[in-house]
Amino acid sequence: MSGVNPVRRSTAANTETGEVVQMAIFEDEPLHRARVRYDWTPNPGRHVNVSKKLLEKLYRKDSGYTAKHRDLFFFYLGHSPDGAQPLRLTYKEIAEQVGGRPATISTLLGKLHAGGLLLEAEKVGRMKFYRVNPRAAFDGPAASQVEAVKDARLPEVPAPASQKKEAS
C-alpha cells in the first residue's frame, strides 16, 4: 500500500507517571479513504453481516426450516448484489446451480419469503425476484443498511405454518 499513514505513532501512557495520554489517531486533515474490500485470503471479496442469534434459531430442529431452506438462504447471501438489490435469477437458473427442480426452488423460496428471510423486490409476469431481508443479513455500508431496514419486516423463526390452498 502506498501513501501516507494517517495514524500518528505516539505513546499511550506516560511511562514515568503511568498516566494515560490523550492520543491523536488521525492527522488534522480529513481522511479520504477509498472503498476497501476485505481480503479474506485465499477467497477475497465482500462480506455479509448476519445476526448470529438468527442463525442459531435457523439451525434449531423446531425452526420450521429444513437444510434445503438454509442452503437456499445462504445461496442468496452469497449471490445477491450489494445492498438491497434483488437476485435476478430464475428458479431454473437457481436449480441448475444448487440442484433440484424449479418447482421445488419456488416452494422453498415461498417459505423463506413467508418467514421474512427474503423479501419480494420485483415481479415480472409470474416470476418473483427476492432480496435478502436487511434485518436478517446485509451486504453493504452501515448507512445503506439503516435506509434499507426502514421498510423491512422482522424475520420469523420458527417459520409460519404453510397455508394450504382450498379446492375451488
Subject >> For E147, side chain to side chain contact (heavy atoms under 4.5 Å, CB included) partners two or more places apart >> reply: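 Listed in chain order: K150.
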Nearest-0.5 Å distance that lies between atom [atom1] in [X] and atom [atom2] in [Y]:
X: L117; Y: L109; atom1: CG; atom2: CG; result: 11.0 Å
X: R101; Y: L108; atom1: CZ; atom2: CG; result: 10.5 Å
X: S63; Y: L54; atom1: OG; atom2: CG; result: 10.0 Å
X: I94; Y: Y76; atom1: CD1; atom2: OH; result: 3.5 Å
X: T90; Y: K128; atom1: OG1; atom2: NZ; result: 15.5 Å
X: F73; Y: L55; atom1: CZ; atom2: CG; result: 7.0 Å

Original post:
Heavy-atom distance under 4.5 Å between the side chains of D71 and V98, does that happen here?
Top reply: no
**OP:** Taking the side chain as every heavy atom from C-beta outward, state whether R135 and P155 have any pair of such atoms under 4.5 Å apart.
**Re:** yes
Show the nearest heavy-atom pair for residues [X] and [Y], with the distance to one decimal.
X: Q97; Y: L89; result: NE2-CD1, 4.1 Å
X: A137; Y: V132; result: O-CG1, 3.7 Å
X: L154; Y: N133; result: C-ND2, 4.4 Å
X: A114; Y: P160; result: O-CG, 3.5 Å
X: P134; Y: Q145; result: O-NE2, 3.1 Å
X: I105; Y: A95; result: CG1-CB, 3.8 Å

**OP:** Identify whether V48 and V157 are in the same connected component of the hydrophobic contact network (ILVMFWY, side-chain heavy atoms under 4.5 Å).
**Re:**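 Same hydrophobic cluster.
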Subject >> Cluster overlap F138 with L118, hydrophobic side-chain contacts below 4.5 Å >> reply: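 Each belongs to a different hydrophobic cluster.
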Subject >> Listed partners of R153 passing salt bridge (Lys or Arg N to Asp or Glu O under 4.0 Å), at least two apart >> reply: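 Only E156 meet the salt bridge (Lys or Arg N to Asp or Glu O under 4.0 Å) criterion with R153.
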Subject >> Chi angles and distances behind the side chain to side chain contact (heavy atoms under 4.5 Å, CB included) call for L72, Y65 >> reply: CA-CA 11 Å; L72 199 52; Y65 297 104; over 6 Å; no
Original post:
Please, which pairs that meet ring-ring contact (aromatic ring centres under 6.0 Å, His included) have at least one residue in residues 77-133, sequence neighbours excluded?
Top reply: F75-H79, H113-Y130
Original post:
Are the side chain of R70 and the backbone N or O of Y59 linked by a donor-acceptor pair below 3.5 Å?
Top reply: no
